[in-house]
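What follows is a set of notes on a single structure, which appears directly below.
As the structure lists them, so they are numbered: ligands from 1, and atoms in each ligand from 1. By convention here, the first residue in the shown sequence is residue 1.
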Amino acid sequence: MNLTWQTQLASAFTDFQTLCDYLKLSLNDLNLSPDAAQSFPLRVPLAFASRIEKSNPHDPLLRQVLPIGEELNQYAGFSDDPVGDLNAVKQIGVLHKYHGRVLLINTGACAVHCRYCFRRNFPYADLQLSKQQENDVIQTLQNDSSIQEVILSGGDPLILSDARLARLFDGLEKITTLKRIRIHTRLPIVLPDRVTNELLETFKNNPKKIIVVVHCNHANEIDDDVAQACQRLKSANMTLLNQAVLLRGVNDNATVLCDLSERLFDVGVLPYYLHFLDKATGTGHFQVSENEALKLLTAVQNRLSGYLVPKLVIERAGELSKQYL
Ligand SMILES: *Cc1c(COP(=O)(O)O)cnc(C)c1O
Ligand code: SF4
């Protein structure tokens, strides 16, 4: 593919028919829901769609992106703000829950819309940082020596332009007490061409330690282009970690989880977290029980080297860290 990542992003699949035609599926094979897509639209870049098996309505990658009728079901305990993010907003665009690190919401946009996302109902438009607010945050952090790590999140921070990111990194560089910049992003997985030379330059030129936490739930998400993108990040001295979400019908299987860890390590990424699903409205059909989750983790532990076993964690509103199940 020689198209720029921006062009690929702009031409992502956003309607059922075009996606189904591409995947050789009939609309009737899938329990599609226009109502589900209304509140959180279908969005999937070709680079990701190309890894979905053709003519397979149960493909684990397809399930992550397809708006289906089950999203409209009500499940007990599910809500719009399951992890108490609104309570943790210190100022616009800044979430501070845990000691020593703050999370910045630099954008609400993502390259792909993951149906299980805990932020799918989050009021991004009201909370993401403008340029001016970004400057203000940097000013605040300069005066707060308790913060050693800034986490760029969103949305997906790598959806910002190289120029905007370069400016943000310049600002972060000036915070003397800051040691690390962590980037939570799904873009190297869903749109690997995003890892441009300009981006790598921005990372390389910054004196802080940079950690890129990608988000990949299934080994099939890693093709040669993704492998190359990860290699490029590695060669720019990034620490590469992965977070996944435990999802019914996607990766709720010990073999699938083991394959994911192996494949990640092959491309230079260490498994970090396996998140227990956050109970966000519209995601109940992805839920795996706590019992089942623990059994899966034990099965994975019994098969893999310790460093390939992700930490199975759950986020409970009000706690001082993510919690082990
Ligand atoms: C998950 C999260 C972090 C990062 O937690 P780690 O355990 O350090 O990965 C930081 N801030 C917020 C608000 C979070 O939700
Ligand atoms: S890329 Fe991350 S933030 Fe964006 S929809 Fe997917 S899970 Fe949510």
| field | Non-hydrogen atoms of Pro157 and Ile183 that approach each other most closely | value | CG-CG2, 3.8 Å
| field | Lys54 vs Asp59, salt bridge (charged side-chain N to carboxylate O under 4.0 Å, His left out): CA-CA, chis, key distance, verdict | value | CA-CA 9 Å; Lys54 302 283 190 296; Asp59 180 274; over 6 Å; no
| said: Suppose I only count heavy atoms of Arg101 and a 4.0 Å limit; which atoms of ligand 1 are within that range? | reply: 5 (O), 6 (P), 7 (O), 8 (O)
| Atom indices of ligand 1, in the order listed, that fall short of 4.0 Å to a heavy atom of Tyr272 | 6 (P), 7 (O), 8 (O), 9 (O)
| What residue and heavy atom of the protein are closest to atom 8 (Fe) of ligand 2, and at what distance? | Cys117 SG, 2.3 Å
| task | Mind checking the NZ-CE spacing from Lys209 to Met238? Nearest 0.5 Å is all I need. | result | 10.0 Å
| field | Nearest-contact summary for atom 15 (O) of ligand 1 - protein heavy atom, Å | value | Lys322 NZ, 2.9 Å
| field | Audit row: Glu71, Arg115, salt bridge (charged side-chain N to carboxylate O under 4.0 Å, His left out) steps and yes/no | value | CA-CA 8 Å; Glu71 291 183 26; Arg115 308 314 301 178; 2.8 Å; yes
| field | Side chain, backbone, both or neither: the part of Gln243 lying under 4.0 Å from ligand 1 by heavy atom | value | neither
| Do NZ/NE/NH1/NH2 and the carboxylate oxygens of Lys204 and Glu201 come within less than 4.0 Å? | yes
| Electrostatic pair Glu134-Arg164, nearest N-O below 4.0 angstrom | yes
| Is it the side chain (CB and beyond), the backbone, both or neither of Glu315 that lies under 4.0 Å from ligand 1, heavy atoms counted? | side chain
| task | In plain terms, say whether Arg119 and Asp278 are close enough for a salt bridge, that is, a side-chain N and a carboxylate O under 4.0 Å apart. | result | no
| said: I need the nearest protein heavy-atom contact for atom 7 (O) of ligand 1: residue, atom name and distance, please. | reply: Tyr273 OH, 2.6 Å
| message | To check your reading of the model: name the closest protein heavy atom to atom 12 (C) of ligand 1, its residue, and the distance in Å. | response | Leu103 CD1, 3.6 Å
| request: Could you list the atoms of ligand 2 found under 4.0 angstrom from a heavy atom of Val112? | output: 5 (S)
| query | For His96, is the nearest heavy atom under 4.0 Å from an atom of ligand 1? | reply | no
| Atoms of ligand 2 less than 4.0 Å from Cys110 heavy atoms? | 1 (S), 3 (S), 4 (Fe), 5 (S)
| For atom 8 (Fe) of ligand 2, does an N/O/S atom of Cys114 lie at less than 2.8 Å? | no
| request: In plain terms, say whether Asp81 and Lys279 are close enough for a salt bridge, that is, a side-chain N and a carboxylate O under 4.0 Å apart. | output: no
| said: If we check salt bridge (Lys or Arg N to Asp or Glu O under 4.0 Å) with Glu221, which of these qualifies: Arg263, Arg51, Arg186? | reply: Arg186
| Partner of Arg194 under side-chain hydrogen bond (donor to acceptor under 3.5 Å, both in side chains), chosen from Asp156, Asp162, Thr4, Thr185 | Asp162
| message | Below the 3.5 angstrom mark, is there an N/O of Arg182, backbone or side chain, next to an N/O of ligand 1? | response | yes
| remark: Looking only at non-hydrogen atoms, the one of Arg186, His215, Gln243, His275 nearest atom 7 (S) of ligand 2 is His215
| field | Per-atom contacts, ligand 1 versus Ile151 - under 4.0 Å to a heavy atom | value | 3 (C), 4 (C), 10 (C)
